[in-house]
Amino acid sequence: MTRADAPVAPPVVLTIAGSDSGGGAGIQADLKTIEAGGGFGTSAITSVTAQNTTGVQGQHLLPLEDIESQLTAVLEDFDVAAVKTGMLATSDVVELVVEYADDLPNLVVDPVMVAASGDRLLEPEAEAAYEDLIAAASVVTPNADEAAVLTDREVDDPDAAEAAGRDLVAMGADSALVKGGHVPGDAVVDTLVTDGEVTTFRHDRVDTEATHGSGCTLSSAIATRLAHGDDRTEAVASGIDLLSSAVRYNLDVGEGPGAVHHLVQTRNEAARHQTSEAVERAVSALVEADVSPLVPEVGMTVAGATPYAETPDAVAAVEGRITRTMDGVRPNRGVRFGASTTVARFLLAAREHDPAVRFAVNCRLTEAVEDALGELGGAVPSYDPAERSTDGRAAETTRWDVGRAFEASEETPVAVIDRGDVGVEASAMVLAADADALVSRVRTVQSAVERP
């Protein structure tokens, strides 16, 4: 039997950049990111580098006519919806791209000048040639060092980043995203400047040197979202969200600092069904075991996070909780993502200290339960809400509470005790890396509580 084909038509994104033999940056990073974002990646390679996670060992610029042949081949055949530039290396290559600018829609210019390792990737005389390319850009995405070169303005705080962004828009760019990764501070502040608006994006800094490919990944993600039809602010916000996760869950490859995780969101999305099934399996096991002695007055919530969960909508939990009945325990409804608030916040806060923790369940706290927790063979720290030094939002308060508990332990706790507060029931949160381990720990506590 001959089957009918079922073609799909993703938006085409063109990357004009250098090749990274280490796979973490350049063309390789661009194509991974474009594909992960639902685009179809095409390329025009400007240079071939010999590099890995420790640095650049060699670089060969392709002849200008070969670069032009690639551009012509792609543009003649594909309906290109967005373009990004990366390593262009020389003024001749920059000027060549400028010649094609009218045929490069949604142009995102990443003015690559120096690799994260410190190796220079742009000839000094090519810096001036960038002005014409910036004038053709929909978005230009310099880091603080590149913005300083392009604008002759030191970028060392958000105000300076905004001023540099305004300079770049004055050069003709539709918008400028001045990245804050190289600006000191606990938070990374990225600044998007357009002709009439300034938008800042703030996220916690990740303590890592594994940022290889971060600029390539961000600019490719922005171009891919523009190809899908997002407006500039939406595209930039989406790209920054991706990069934030990609840096935190970086790839530990090579002998030097690793690369960012280009497919982090794709892998996380693919794990949703498996995570939901794991929570359902845990719920069924606890219902079958009739864990009534451990169910709090407010009900029990079993929650599971996807491998790279950062927000509550990536945490699957029992909707309506598990409650006690005359015949044992039962869940009020099924399992869905975003169903939990308290347990999800706790689980996400625990993952700040150990991302391997993916499952949690809240248990009733009695003297018998507290004694039984000792049979889990691990650390069981506690915290007293009355000792909090913060009265901020719920998520911030939970992070403070969990942080205190983890700091009090030399290892990842198997459970954490919340002593309760006015109007808030005391509880014990049992933690585990997988659903089966979570059920095993709860059953161990149950057995100890029910022992004569």
Rounded distance [0.5 Å steps], CG in L347 versus CG in N362 | 11.5 Å
Under the 3.5 angstrom rule, does the side chain of E209 hit a backbone N or O of P257 as a donor-acceptor pair?
-> no
Is the closest side-chain heavy-atom distance between L104 and V80 below 4.5 Å?
-> no
Would you mind reporting whether V416 and V402 have side-chain heavy atoms less than 4.5 Å apart?
-> no
Only residue of D156, T211, D145 satisfying side-chain hydrogen bond (donor to acceptor under 3.5 Å, both in side chains) with H182 is D145
For H261 and N250, does a side-chain donor sit closer than 3.5 Å to a side-chain acceptor?
-> no
Got a donor-acceptor contact below 3.5 angstrom from the E146 side chain to the N143 backbone?
-> yes
Does the H262 side chain pair with the main chain of I34, one donor and one acceptor, at a distance under 3.5 Å?
-> no
Mind checking whether T42 and V12 have side chains closer than 4.5 Å, heavy atoms only?
-> yes
What's the spacing between C216 SG and D30 CG if we round to 0.5 Å?
-> 5.5 Å
Does the side chain of T54 pick up a donor-acceptor pair with the side chain of N52 at under 3.5 Å?
-> yes
Answer yes or no: is there a donor N or O on one side and an acceptor on the other, between the side chain of T208 and the main chain of R248, under 3.5 Å?
-> no
With distance as the sole test, does Q57 use its side chain to make a donor-acceptor pair with the main-chain N or O of G55 at under 3.5 Å?
-> yes
Output all residues satisfying salt bridge (charged side-chain N to carboxylate O under 4.0 Å, His left out) with D204, sequence neighbours left out; order by chain, then residue number.
-> R399
With side chains defined as the heavy atoms from C-beta onward, is the minimum distance between F406 and T412 less than 4.5 Å?
-> yes
Indicate whether the side chain of T275 and that of R358 have a donor and an acceptor atom separated by less than 3.5 Å.
-> yes
D190 side chain to G180 backbone, donor-acceptor under 3.5 Å = yes
Audit row: T141, V108, side-chain contact (heavy atoms from CB on, under 4.5 Å) steps and yes/no = CA-CA 7 Å; T141 64; V108 179; 4.1 Å; yes
Side-chain heavy-atom pair L96, E68 within 4.5 angstrom cut-off = yes
Considering residues, nucleotides and ligands other than D231, do more than 12 of their heavy atoms fall under 6.0 Å from its CG?
-> yes
Thinking salt bridges, do R281 and E277 make one under a 4.0 Å N-O criterion?
-> no
Got a donor-acceptor contact below 3.5 angstrom from the D132 side chain to the A129 backbone?
-> no
In sequence, state the C-alpha distance, the side-chain angles, and the governing distance for M300 and R321, and then conclude on side-chain contact (heavy atoms from CB on, under 4.5 Å).
-> CA-CA 5 Å; M300 172 181 281; R321 305 190 180 194; 5.9 Å; no
Side chain proximity check, P158 to T200, heavy atoms < 4.5 angstrom | no
Check whether any side-chain N or O of S409 sits under 3.5 Å from a backbone N or O of P413 as a donor-acceptor pair, and report yes or no.
-> no
Test Q59 against M87 for side-chain contact (heavy atoms from CB on, under 4.5 Å), laying out the working first.
-> CA-CA 11 Å; Q59 177 179 330; M87 176 184 172; 3.1 Å; yes
Taken in chain and number order and not counting sequence neighbours, the residues that satisfy salt bridge (charged side-chain N to carboxylate O under 4.0 Å, His left out) with R225 are D230
Would K179 and I240 satisfy side-chain contact (heavy atoms from CB on, under 4.5 Å), going step by step from the backbone distance to the final call?
-> CA-CA 10 Å; K179 298 174 292 189; I240 289 173; over 6 Å; no
Any side-chain heavy atom of H212 sitting closer than 4.5 Å to one from V260?
-> no
Under the 3.5 angstrom rule, does the side chain of K84 hit a backbone N or O of V13 as a donor-acceptor pair?
-> no
Let me see the working for T311 and D313 under side chain to side chain donor-acceptor pair (under 3.5 Å), right down to the final yes or no.
-> CA-CA 5 Å; T311 56; D313 61 4; 2.4 Å; yes
Go through the steps to decide whether Y100 and T72 satisfy the test side chain to side chain donor-acceptor pair (under 3.5 Å), and finish with yes or no.
-> CA-CA 9 Å; Y100 278 81; T72 301; 2.9 Å; yes
Classify the side-chain pair N268/T306 by whether it contains a donor and acceptor separated by less than 3.5 Å.
-> yes
Are any non-hydrogen side-chain atoms of F359 and V302 less than 4.5 angstrom apart?
-> no
Test the R419-Y383 pair against the cation-pi criterion, namely NZ or CZ under 6.0 angstrom from the six-membered ring centroid and within 45° of the ring axis.
-> no
Establish, from distance only, whether the side-chain atoms of S19 and Q28 form a donor-acceptor pair under 3.5 Å.
-> yes
When rounded to the nearest 0.5 angstrom, what is the spacing between CD1 in I27 and CG in D20?
-> 10.5 Å
Test side chain to side chain donor-acceptor pair (under 3.5 Å) on Q265 and Y308 and set out the steps.
-> CA-CA 8 Å; Q265 290 184 344; Y308 310 117; over 6 Å; no
With distance as the sole test, does Q70 use its side chain to make a donor-acceptor pair with the main-chain N or O of I45 at under 3.5 Å?
-> yes
